[in-house]
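First the proteins, then the strands, lettered A, B, ... as listed; each starts at 1. This one's a predicted model, so the numbers in the text were calculated from it and none came from an experiment.
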Amino acid sequence: MQIDSKPIMTKNLVIVESPAKAKTIEKFLGKDYTVRSSFGHIRDLDKGDNAIDIANGFKPNYIVSPDKTKVVAELKKLAKESEMVWLASDEDREGEAISWHLFEVLGLKEENTKRIVFHEITKPAIENAIKNPRKIDKALVDAQQARRILDRLVGFELSPVLWKKVKPSLSAGRVQSVAVRLIVEREREVNQFNSVSDYRITAEFTKIGSNKPIKAELPQRYKTEQEALNFLKAASESNFTISNIEVKPAQRKAAAPFTTSTLQQEASRKLGYPVAKTMLLAQKLYEAGHITYMRTDSVNLSQTAISGAAAEINRAYGSQYSAPRNYTTKNASAQEAHEAIRPTYFENHTAGAEPQEVRLYELIWKRSIASQMANAELERTVVDINVSKANQTMRAEGEIIKFDGFLKVYLEGKDEEDEDEDAGLLPPLSQGEQLNLNQMVSEQKFSRPAPRYTEASLVKKLEELGIGRPSTYAPTISTVQKRGYVIKDNREGTPRNYQTALLKNGEIKVKTATENTGVEKSKLFPTDIGTLVTDFLNEHFGDIMDYSFTANVEKEFDEIAQGMISWTKMIDGFYKPFHKDVDKTLANAERVKGERIIGIDPESGKQISGRIGRYGPLVQIGDSEDEDKKFASLRAGQSLETLTLEQALDLFKLPRTIGEYQNLKVTAAIGRFGPYIKYGTMFASIPKDKDIFEINMEDAVEIIEAKIKSEAEKLIRSFPEDENLEILKGRWGPYIAHKKNNYKLPKDAAVDTLTYAQVMEIVSSQAKPSDKKGSKIAAESKVKPKAKAKAKAKAKAKSKK
DNA sequence: CAGTGAGCGAGCTTCCGCTTGACTT
């Protein structure tokens, strides 16, 4: 048998950014074209201090990114073998720069290089692009260089200021610092919010001879309870007559198809996914060919998509539901290099490998299909009901759907639940008709502050401000949390009384009811360090913290892209005053610790103050010179800014001695993992339903005995050869414990029969680095991720078998 | 896993935006 092993000389090499895209396009282009991917940017500024030669016109020093050397080598080889290289990176600022870097690094020549662009992955779009090549747009590349260099200058000059003036390892940047600022300011708004209340009157009427309720509301609200009660009193003596009926047709329009930002918001509202989860699932759907590219700021749909959706709508719902159209992007900062996020094949109502993917796919399918469906036709009815003795009019609203249109498949979610429920159906009514009053209610309503941000609503806000890009929303959210500036948290809320009054059968009953206020779930809260850093940056670098800073520099980037100014000039204009501020701050600013005087300790008469210490926020009794000064850490969820004297004093009540149990001291305290009981050398967490300040000996013994029991069940194996070696039962199954370090057992390990040598083999194969800090260790720790990845991959490979 | 809180002062940290695969039989 003979195999044709002649090397294929490619005529054309096409380079795109994403490998999934490369696969699709290769199919469209046929055998004369080899399509490869650059996997995004291939070069970046060097890591260290010599990345930008500031004195020499900000000359950038680019190096091929370490994880791209292989890709670059392969592309270089293919480029050499090709007659023509087509640079097909995205049509936006970053994409243009990717093409330029490829041109430079691959050593391409102008005569056999062409730059092409397309916004959608369809055969006609690609063929059209091939017919209309152009040259690399150097002005657009320069705009990207300016963007890149500005971000590096800001990030790498501001961060060291924070290391010196606040705390080591902190970071600041054009995007992240503003994101934190939004959260800090929202938190202050919430904490300083003065809730005011008013009284809302609602009623339930019935038609004479019917018992179907008609809900109505008094359009105005009363400031005082007395006014509300007066109204109820008058109503109790009133007739209720329909004074006016207004029927109006109305329409509802579908929302535009998804962009990255709106997908993240809707997946958060409807499916409860954090933004990173949404992106991971979308990536999988994209790689499997189910959806178009998931990082986009455009609501545009290709002609192929519009006709595909129309065909599916006609087939599944009928032609009266079809209303093909395109949407225009409102966001000024959008670069629109891609289509909106949509299913690749509209005939697939469902797709995805696992349940979470399926749910996300279905959301995308519904949203995209709905965007191509007819408006919903409604009929809104507003009925005015005269309350005779009060000389006031109550209002009932009804809505009927004459034609459901897009509502058949999809309705966009809301960030905040409205107080008013959706208007329901009203029975046929006529002017002058009398109604019976079933009941009337007055309720005290409190105003609410602006809601704290969720991950998704923060993305929405950032997008509105033009800060960040679709590819960075999710990473930014996780960066600010990783740096400890922000935490995603829940709050239980506090009970609050409100007044109600019920008028029924001519009688008014007044009652005080209780509601829970301030409940939060998965909301973003600033930490004390986040607040401190924000205040510091605001004071010294107000320009960069300004919400319109990005929008302003974007204008200048656009001018560079249009060839109106040179990028070095623009950067110079920015850098001179900025760097002056950096120097000034380094020279003059005090080191900040977030100090705040909270009050006086009633026992000792000494001052109680709070600040950020080496290990986080703390309170202290006595000033720094005091020899008997005492310290206590703040608890999770507390903040320096809002801590009361009472809360501070509570912190000093711990550790608290409860008593003795079997000759060993029992104390209660709060540690890194919450409240715990210490018994001898043993620690046991206090369950959530028990208060650490009130827990007694009986509770403590119960907790201790439970812990002893679970400890006894924890030990699976021990080894006579080494008393430091044990196999234990943990939350995720058996694991090896050796000299204070834990090691993973391979999934297929025979736990009951492993020999000492076998276990030690596993231990040494997962060697742990020392946790001490130092220069020597730092060098070692560079090796660590590799070793870790190795062990991980091994375990993965094994578990597959 | 369950402390500590100052100061030795080496060597480290850090940005935003584009994209996924992860060491070797």
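- Across all strands, A/Tyr293 comes closer than 4.0 Å only to sugar-phosphate atoms, never to a base (heavy-atom distances).
- To the nearest whole angstrom, the two P atoms, one in B/dG7 and one in B/dG3, are 24 Å apart.
- No contact: A/Arg93 has no heavy atom under 4.0 Å from any strand.
- A/Arg591 has no side-chain polar atom (N or O) that falls below the 4.0 Å cut-off from OP1 or OP2 of B/dA6.
- For the pair A/His579 NE2 and B/dC15 P, the computed distance is 20 Å after rounding to whole Å.
- Rounded to an integer number of Å, the gap from NZ of A/Lys482 to C1' of B/dT14 is 13 Å.
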Q. Going through the distances and angles, do A/Gln264 and A/Met279 end up as a side-chain contact (heavy atoms from CB on, under 4.5 Å)?
A. CA-CA 8 Å; A/Gln264 289 173 350; A/Met279 294 314 283; 3.3 Å; yes
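- Under a cut-off of 6.0 angstrom, the local environment of NZ in A/Lys629 is crowded, with over 12 non-hydrogen atoms contributed by other residues, nucleotides or ligands.
- Contact check, A/Arg295 against B/dT20: a side-chain N or O comes under 4.0 Å of OP1 or OP2.
- Within the 4.0 angstrom heavy-atom criterion, base atoms lie near A/Arg148.
- A straight line from CG of A/Leu280 to P of B/dT19 spans 15 Å, rounded to a whole angstrom.
- Atom NZ in A/Lys70 sits about 18 Å away from atom P in B/dT20, given to the nearest Å.
- Residue A/Ser18 places no side-chain N or O under 4.0 Å from the OP1 or OP2 atom of B/dT19.
- Across all strands shown, A/Thr476 has no heavy atoms under 4.0 Å from either base or sugar-phosphate atoms.
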Q. Using Watson-Crick and G-U wobble pairs whose two distances are both under 3.5 Å, how do you write the pairing of DNA chain B as dot-bracket, with | for links to another strand?
A. .........................
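- Between B/dC15 and A/Ser159, no contact under 4.0 Å exists linking OP1 or OP2 to a side-chain N or O.
- In the interface, the side chain of A/Arg152 is not paired with the base of B/dC16 through any donor and acceptor atom under 3.5 Å apart.
- A donor and an acceptor atom never sit less than 3.5 Å apart when one is taken from the side chain of A/Arg469 and the other from the base of B/dC18.
- At least one side-chain nitrogen or oxygen of A/Tyr676 sits closer than 4.0 Å to the OP1 or OP2 atom of B/dG3.
- Between A/Lys629 atom NZ and B/dT4 atom C1' there is a gap of 13 Å when expressed in whole angstrom units.
- The number of heavy-atom neighbours closer than 6.0 Å to CD1 of A/Ile63, taken from other residues, nucleotides and ligands shown, is above 12.
- A donor-acceptor contact under 3.5 Å links the side chain of A/Ser169 to the base of B/dT13.
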Q | side-chain contact (heavy atoms from CB on, under 4.5 Å) assessment of A/Phe536 paired with A/Val161 | A | CA-CA 10 Å; A/Phe536 181 85; A/Val161 175; 3.8 Å; yes
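- Regarding A/Asp92, its CG atom lies at a distance of 6 Å from the P atom of B/dC18, rounded to whole Å.
- When the C1' atom is compared between B/dG9 and B/dT13, the two are found 16 Å apart, to the nearest whole Å.
- Contact of A/Arg614 with B/dG7 (side chain to base): a donor-acceptor pair of N or O atoms is detected under 3.5 Å.
- One interatomic measurement links the two molecules: OH of A/Tyr62 to P of B/dC18, which rounds to 15 Å at whole-angstrom precision.
- B/dT24 and B/dT20 have their P atoms separated by 24 Å, with the value rounded to a whole Å.
- Shown here is A/Asp49, whose CG atom has no more than 12 heavy atoms of other residues, nucleotides or ligands within 6.0 Å.
- As judged by a 4.0 angstrom heavy-atom cut-off over every strand, A/Val175 is placed among residues touching the sugar-phosphate backbone only.
- More than 12 heavy atoms of other residues, nucleotides or ligands sit less than 6.0 Å from atom NZ of A/Lys606.
- Remark: P of B/dG17 and CE of A/Met279 are 14 Å apart, rounded to the nearest angstrom.
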